[in-house]
Amino acid sequence: MTIYQNLIAGEWVGSDATKNINPSNTNEVVGLYADGSTEDTKNAIAAAKAAFPAWSRSGIWERHVILKKAGDEIMARKDELGALLAREEGKTLPEAIGETIRASQIFEFFAGEALRLAGEVVPSVRPNIGVEITRDPLGVIGIITPWNFPIAIPAWKIAPALCYGNTVVFKPAELVPGCSWAIVDILHRAGLPKGVLNLVMGKGSVVGQAMLDSPDVTGITFTGSTGTGRRVAAASIEHNRKFQLEMGGKNPMVVLDDADLTVAVEAAANSGFFSTGQRCTASSRLIVTEGIHDKFVAALTEKLNTLVVDNAMKPGTHIGPVVDEKQLKTDTDYIEIGRKEGAKLAFGGELITRETPGFYLQPTLFTEATNQMRISREEIFGPVVSVIRVKDYDEALATANDTPFGLSAGIATTSLKHATHFKRNSEAGMVMVNLPTAGVDFHVPFGGRKGSSYGPREQGKYAAEFYTSVKTAYTLA
Ligand code: ADP
């Protein structure tokens with residue numbers, strides 16, 4: 001089998017490899033991918049450092065052309081890359097193709113942004129002095145990504161990093177190197193000068209840690225667990241390095257008595273269970289007012305009965321497998337915790353077997369949960385959702401905000417008053433009215449508050465806040 005290698009200083013290198021396994025069919029090896037070392041990571045950082053002066057001064061047309069070419073190729077290969085994504089991560093093929101299209105759109109967006117780089121010229125408060133405000137690239141950006149969006153998250157970090165003139169050392173999650181390798185290959189062939197984008201696949205404790213430990217990495221953008229996020233933060237403060245963290249969520253969806261039941265059920269089923277609940281924007285707390293509670297639970301349970309859990313590649317599958325054995329154990333442990341805490345298991349909770357051996361779990365719904373239970377406070381990251389019954393809107397809002405996280409929050413209501421009040425008073429970075437809490441646009445800011453995020457927002461033009469450093473220059477006229 002071919003070994004997909006790391007890209008360091010413009011060369012494909014590495015002979016140690018790890019198997020990439022399909023969670024829908026654990027007998028299937030998706031590919032062999034290089035397992036990078038500390039030495040590889042150091043070489044990649046040195047290459048990115050050496051490439052920075054020239055790339056930071058490269059013309060915006062060159063950056064535009066390369067990013068556009070990459071976006072075009074990803075779109076042209078959306079079915080093939082979508083299939084690779086579905087095979088390595090386990091989300092359904094339509095979801096995986098959708099994510100691939102989004103990655104292409106992100107490259108197209110930042111190809112455009114490269115042509116729109118601008119600063120400000122303002123008068124000084126002192127006579128005969130001019131002031132220019134510009135944005136400089138940071139330098140070497142370390143990119144560390146998780147497994148749940150194997151092509152979109154790398155795209156939304158790599159595209160702005162390159163657009164604003166930075167060089168990159170990119171470490172994808174161990175479970176999903178395939179899509180990352182593919183987009184690095186595409187960018188490399190699109191004409192990036194050597195060393196501008198380096199790929200080091202391998203373990204977080206080896207490759208990721210070597211990035212955290214290097215004084216030559218000037219910025220780190222990280223998406224992953226809260227625990228690793230804290231390590232990134234501590235190591236970055238040590239080096240006076242800029243960092244950006246996207247971590248967990250325990251996103252609420254409020255359902256009020258006046259909600260359109262169909263809209264509420266569709267939004268809850270989508271947010272809670274699609275992509276196997278493995279989205280940081282998934283809603284895992286459904287906060288439902290008394291008047292609609294029983295009707296809502298009945299309709300949602302009926303909906304869950306219609307959802308097919310099976311091989312991600314099979315037509316008709318709504319929910320693919322859990323990503324791996326470790327995550328499956330986390331999910332089933334939390335199901336046990338929920339039972340012991342006294343929540344009522346209203347649907348699911350069991351492992352299932354399918355034609356191909358994989359990590360299949362029924363969508364699981366708890367009712368009669370309280371917001372203080374562990375299943376309502378801790379991120380599970382699987383298809384496990386609890387329903388919390390509340391008296392009225394005020395209690396719903398207070399419960400929604402009573403969480404250590406603050407990424408996304410939703411409300412299902414036909415009341416303009418409550419929708420408006422919720423948008424203003426939700427303590428989340430993203431608020432959805434009559435929509436799932438997951439599923440966001442690629443051209444507007446993404447990010448949260450409290451334990452969910454740290455640092456500037458990602459995506460859209462707001463991405464510049466992280467990937468550049470503002471400079472104010474004064475000139476005597
Ligand atoms: P998850 O539990 O979802 O896999 P992690 O936070 O462990 O979340 O992983 C997110 C990313 O962080 C992955 O690319 C992983 O390899 C990386 N990572 C894990 N440990 C470290 C570490 N000590 N230093 C840097 N990166 C790490």
Side-chain angles (χ1 to χ4, degrees), residues 6 18 20-21 23 33-38 40-42 44-45 88-91 140-158 168-181 183-184 198-217 219-239 241 243-250 275-282 284 322-331 333-334 359 378-382 384 405 407 451-454 458:
N6 285 322
T18 302
N20 182 359
I21 303 289
Y33 289 87
D35 196 7
S37 63
T38 304
D40 292 331
T41 316
K42 286 185 175 164
I45 295 167
E88 70 176 352
E89 198 268 352
K91 66 182 63 171
V140 176
I141 303 283
I143 296 181
I144 302 179
T145 57
W147 50 259
N148 65 330
F149 283 91
I151 196 161
I153 295 180
W156 85 50
K157 293 182 189 295
I158 294 172
V168 171
V169 177
F170 167 38
K171 189 215 110 47
E174 292 88 322
L175 290 175
V176 291
C179 290
S180 293
W181 188 92
I183 58 175
V184 169
N198 303 274
L199 170 71
V200 193
M201 299 173 285
K203 292 183 189 60
S205 55
V206 177
V207 177
Q209 193 61 44
M211 287 162 73
L212 303 194
D213 293 342
S214 170
D216 291 330
V217 175
I220 290 196
T221 175
F222 167 85
T223 302
S225 64
T226 307
T228 311
R230 291 207 178 113
R231 292 177 82 112
V232 174
S236 297
I237 284 168
E238 195 71 23
H239 291 293
R241 167 200 296 144
F243 61 98
Q244 173 184 58
L245 311 175
E246 289 297 344
M247 300 169 291
K250 196 70 199 174
S275 297
T276 323
Q278 297 175 151
R279 296 185 283 192
C280 42
T281 47
S284 45
V322 171
V323 74
D324 71 349
E325 202 163 0
K326 182 166 154 251
Q327 183 61 51
L328 187 66
K329 174 151 181 7
T330 303
D331 296 350
D333 283 354
Y334 271 109
F359 308 111
E378 298 169 16
E379 185 178 51
I380 301 172
F381 221 61
V384 184
F405 297 103
L407 189 57
S452 290
S453 304
Y454 184 91
E458 301 199 77

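Both counts, for ligands and for their atoms, begin at 1 and track the order of listing. Numbering of residues begins at 1 and proceeds along the displayed sequence.
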Asks: Below 3.5 angstrom, do we get any N/O pair linking E174 and ligand 1?
Replies: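 N/O-N/O distance under 3.5 Å: yes.
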Asks: Checking a contact table here: which protein heavy atom is nearest atom 17 (C) of ligand 1, and how many Å away?
Replies: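 Answer for atom 17 (C) of ligand 1: I144 CG2, 3.6 Å.
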Asks: Considering heavy atoms of the protein only, find what lies nearest to atom 14 (O) of ligand 1 and give residue, atom and distance to 0.1 Å.
Replies: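 Sorting protein heavy atoms by distance from atom 14 (O) of ligand 1 puts T145 O, 2.7 Å first.
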Asks: What atoms of ligand 1 come within less than 4.0 Å of a heavy atom belonging to P172?
Replies: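 In order of numbering, the contacting atoms are 14 (O).
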Asks: Tell me yes or no: between the side chains of N20 and E88, is some donor less than 3.5 Å from an acceptor?
Replies: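 Short answer, yes.
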Asks: Heavy-atom contacts under 4.0 Å between L175 and ligand 1: side chain, backbone, both, or neither?
Replies: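 Neither part.
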Asks: Measure from atom 26 (N) of ligand 1 to the protein's non-hydrogen atoms and state whether any distance is below 4.0 Å.
Replies: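 Answer yes: something from the protein, a heavy atom, is under 4.0 Å.
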Asks: Should E458 and K157 be marked as a salt bridge (charged side-chain N to carboxylate O under 4.0 Å, His left out) after you check the CA-CA gap, both sets of side-chain angles, and the distance that decides it?
Replies: CA-CA 8 Å; E458 301 199 77; K157 293 182 189 295; 3.0 Å; yes
Asks: I need the nearest protein heavy-atom contact for atom 22 (C) of ligand 1: residue, atom name and distance, please.
Replies: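 Of the protein heavy atoms, G204 O, 3.3 Å lies nearest.
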Asks: Please classify the R231 to ligand 1 contact at 4.0 Å (heavy-atom distances, strictly less than): side chain, backbone, both or neither.
Replies: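 Just the side chain.
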Asks: Give the C-alpha distance, both sets of side-chain angles, the deciding distance and a yes or no for side chain to side chain contact (heavy atoms under 4.5 Å, CB included) between N148 and I153.
Replies: CA-CA 9 Å; N148 65 330; I153 295 180; 3.9 Å; yes
Asks: Given 3.5 Å as the limit, does a donor-acceptor pair link the side chain of R231 with the main chain of Q209, or not?
Replies: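 No, R231 side chain to Q209 backbone: no donor-acceptor pair under 3.5 Å.
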Asks: Output yes when the distance from some N or O of ligand 1 to some N or O of K326 is under 3.5 Å, and no in every other case.
Replies: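 Not met; the criterion fails.
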Asks: What atoms of ligand 1 come closer than 4.0 angstrom to any heavy atom of S225?
Replies: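 Contacts of ligand 1 toward S225, numbered from 1: 5 (P), 6 (O), 7 (O), 8 (O).
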Asks: Nearest 0.5 angstrom please: F222 CZ to R230 CZ, how far?
Replies: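 F222 CZ to R230 CZ: 11.5 Å, rounded to 0.5 Å.
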Asks: Atom 23 (N) of ligand 1: which protein heavy atom is closest, and how many Å away?
Replies: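 I find the closest protein heavy atom is Q209 OE1, 3.0 Å.
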Asks: Short N/O distance, under 3.5 Å, between T223 and ligand 1?
Replies: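 Checking ligand 1 against T223, no N or O pair falls under 3.5 Å apart.
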Asks: Tell me which protein heavy atom sits closest to atom 3 (O) of ligand 1, plus the residue, atom name and distance to 0.1 Å.
Replies: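 Result: W147 NE1, 3.5 Å.
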Asks: Note the single closest protein heavy atom to atom 7 (O) of ligand 1, along with its residue, its atom name and the distance in Å.
Replies: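 Atom 7 (O) of ligand 1 sits closest to the protein heavy atom T228 OG1, 3.5 Å.
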Asks: Closer than 4.0 angstrom: is that true for some heavy atom of F222 and an atom of ligand 1?
Replies: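 A heavy atom of F222 does come that close to ligand 1.
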Asks: Roughly how far, to the nearest 0.5 Å, is the NZ atom of K250 from the OG atom of S452?
Replies: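 Between S452 OG and K250 NZ, I get 11.5 Å after rounding to 0.5 Å.
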Asks: Calculate, to the nearest 0.5 Å, the distance between atoms CG and OG belonging to N6 and S37 respectively.
Replies: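 One finds 8.5 Å between CG of N6 and OG of S37.
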Asks: Heavy-atom count check: over 12 atoms from other residues, nucleotides or ligands less than 6.0 Å from Y454 OH?
Replies: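 No, because the 6.0 Å sphere around OH of Y454 holds 12 heavy atoms or fewer from other groups.
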